[in-house]
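This report concerns only the one structure given below.
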Amino acid sequence: MHHRRPALTGLLTAVVAAALACSALTSCSPDAPPPTELLAAPLTTPQQPAAQEAAGRPTRVVDTVAGSLGRGKLAVYGSTDGATGAPTKVSGAFFVPSGTPPAGGWPTIAIGHGTTGLSPDCGPSRDPATLSQIAPVAMLLKDGFAVALIDYQGLGIAADGTDASADNPRHPYLEPRSAAYNLADAVRAMRAVYPGRISTRWAAAGHSQGGQAAWAAAEFAPAYASELQLVAASAQAPAVNLRRLGRVSDGSYTSHEEWLMPMLITGLSVSDPSLNRWDFIRGSARNNLALLVSCNAADDANRQKAMDAISSGDVIPDSADAQTALTDVLQSYSLPQRRSSVPLYVTQGTADPVVAASSTTTAVSQACQLGTVVTYRKLDGRNHDIGDDMAGYEWLATMLHGARPPTSCTTTA
């Protein structure tokens, strides 16, 4: 599995009450966008009855040996498409600590991975031996936590027997509610796979695309899975505030944006078919699109060549209408969209060329204005590859072990 494509997510919108303060968050005011940028109602899509019935129910469970992590379970479980409210299936890998669980069961940390691609072969469950590379699973198990590593809708073994492929991707890339529901339903599924051994208490975590998923879970999961108790969420480099990608005025993208655009546009069009991918993707990017969104390791060298060949001319909106359509989708998928009832820990490298630190700072400051309690940790000089930083996981552990949650926003270095 390749990890060369870190995930990004949409820009920042919400109705913000001017009277809400930013508490101790030192970066709140300088990066706050004007109020007009925040006037977008949170998205709501009713969950269909069939999705309610299937959510969190395992439909397939198999034993696996995941390299150094040892034995675990691969499971396919029901979830909800956040864009349509329809039932869907998601896969993930589940691990539990050795020994006897405590009274009430082991709390779970549900983890979303960073961007891999859009085709079914991009789900981590396809290659269990690599799962230890996604998160500190061994450390979390040793500390007494069950761990769920999810694939996201449209990726991994859950796509077996469907029409999903590199030519016909079904992964709703960066649709925040789907990601939040996929994480929450993983905890429900774990409780079914390990009856009587898993607590209702859980936390969400992830890096890049997974950071966006964890942040989304903090906002959406408590209402979606109210029988569970989401305690906290940790988001590393959760890319937000993608205004530039929808509002290109100088006719060019950066090199990091150029390789992202074919996958971003294609993934957004999965959850919003009104966005016509061919209004954006042409030339080399269109000719190599299936290669660019897939994950077969044997194609890595050719995929890198295809990425390097993309120019801004291959991915620029072909009209003002197309640019507006993209901006509207990014706006509607933005975070924050609402106050989170659980505390959030956000980690960001100051030299990140993929997820700009300024965009994360803006999102954090607006989340604080909405009333979310955020601990914001900046890593000076670090780029996007901050998955090795354990502070967010250590913070989650203290929250799950019963530490008193913070009551105000803070920024640390």
Side-chain angles (χ1 to χ4, degrees), residues 6-12 14 25 27 109-115 134-136 140 148-150 152 173-184 186 202-222 230-242 333-350 352 354-368 370 372-379 382-400 405-406 409-412:
L8 304 174
T9 186
L11 52 129
L12 167 61
L25 182 69
S27 54
I109 297 181
I111 300 171
H113 62 81
T115 296
I134 297 173
L140 297 175
L149 297 172
I150 71 164
Y152 306 123
Y173 186 46
L174 302 179
E175 199 291 295
R177 293 157 300 168
S178 296
Y181 301 163
N182 293 172
L183 285 169
W202 70 289
H207 171 255
S208 199
Q209 181 182 3
Q212 180 253 2
W215 188 317
E219 295 190 17
F220 294 105
L230 178 63
V231 174
S234 172
Q236 295 179 315
V240 291
N241 224 358
L242 300 187
Y333 287 0
S334 67
L335 296 174
Q337 289 189 15
R338 61 184 66 181
R339 175 185 175 274
S340 167
S341 60
V342 302
L344 182 64
Y345 191 104
V346 178
T347 311
Q348 175 67 48
T350 62
D352 191 332
V354 179
V355 177
S358 60
S359 71
T360 301
T361 297
T362 298
V364 167
S365 66
Q366 297 307 319
C368 289
L370 285 168
T372 299
V373 176
V374 184
T375 300
Y376 184 28
R377 182 165 180 259
K378 297 180 180 180
L379 302 181
R382 292 292 301 271
N383 60 19
H384 193 66
D385 298 326
I386 60 172
D388 61 338
D389 186 85
M390 295 294 103
Y393 286 102
E394 292 167 354
W395 179 85
L396 285 182
T398 64
M399 294 296 102
L400 286 168
C409 289
T410 58
T411 296
T412 63

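- Using a 4.5 Å heavy-atom threshold, the side chains of Pro343 and Thr375 count as separate.
- Taking 4.5 Å as the limit, some side-chain heavy atom of Lys378 sits within range of a side-chain heavy atom of Thr361.
- Looking at residues two or more places apart in sequence or on another chain, you find a side-chain hydrogen bond (donor to acceptor under 3.5 Å, both in side chains) between Gln348 and Asp352, Thr360.
- For the atom pair NE2 of His384 and OG1 of Thr115, the computed distance is 7.0 Å after rounding to the nearest 0.5 Å.
- In plain terms, the two heavy atoms of Gly112 and Leu183 that are nearest each other are N-CD2, 3.9 Å.
- Salt bridge Arg377/Asp389: present, at least one basic N to carboxylate O contact under 4.0 Å.
- For the pair Gln236/Leu379, no side-chain contact is recorded, criterion being any heavy-atom separation below 4.5 Å from C-beta on.
- Partners of Ala221 under the side-chain contact (heavy atoms from CB on, under 4.5 Å) rule, at least two apart in sequence or in another chain, are Ala184, Trp202, Ala217, Leu230.
- By the ring pair (Phe, Tyr, Trp, His ring centres under 6.0 Å) test, Tyr152 pairs with His113, His171, sequence neighbours left out.
- Among all heavy-atom pairs drawn from Ala218 and Pro222, the shortest one is O-CD, 3.8 Å.
- Note on ring orientation: taking the six-membered ring where Trp is involved, the planes of Tyr345 and Trp395 are tilted (angle from 30° to 60°).
- The heavy-atom pair separating Leu396 from Ala203 by the smallest distance is CD2-CB, 3.9 Å.
- Of all heavy-atom pairs spanning Ala216 and Pro176, the tightest one is CB-O, 3.3 Å.
- The heavy-atom pair separating Gly349 from Ala357 by the smallest distance is O-CB, 3.7 Å.
- Across all non-hydrogen atoms, the minimal contact from Ala233 to Ala214 is CB-O, 3.6 Å.
- In this structure, the side chain of Arg177 does not engage the main chain of Ala180 through any donor-acceptor pair within 3.5 Å.
- Note that the CG atom of Leu344 and the OG1 atom of Thr372 stand 7.0 Å from one another [nearest 0.5 Å].
- Residues Ser340 and Trp215 are not in side-chain contact: their nearest non-hydrogen atoms beyond the backbone lie 4.5 Å or more apart.
- In this structure Ala179 satisfies the side-chain contact (heavy atoms from CB on, under 4.5 Å) test together with Gln212, Ala213, sequence neighbours excluded.
- Listed by chain and residue number, Arg201, Gln229, Met399, Leu400 satisfy the side-chain contact (heavy atoms from CB on, under 4.5 Å) test with Val231 (two or more places apart in sequence, or in another chain).
- Between the OH atom of Tyr376 and the OG1 atom of Thr412 there is a distance of 10.0 Å, given to the nearest 0.5 Å.
- The side-chain contact (heavy atoms from CB on, under 4.5 Å) test applied to Ala397 returns Phe145, His401, not counting sequence neighbours.
- Atom CG in Leu370 sits 10.5 Å away from atom CD in Gln337 (nearest 0.5 Å).
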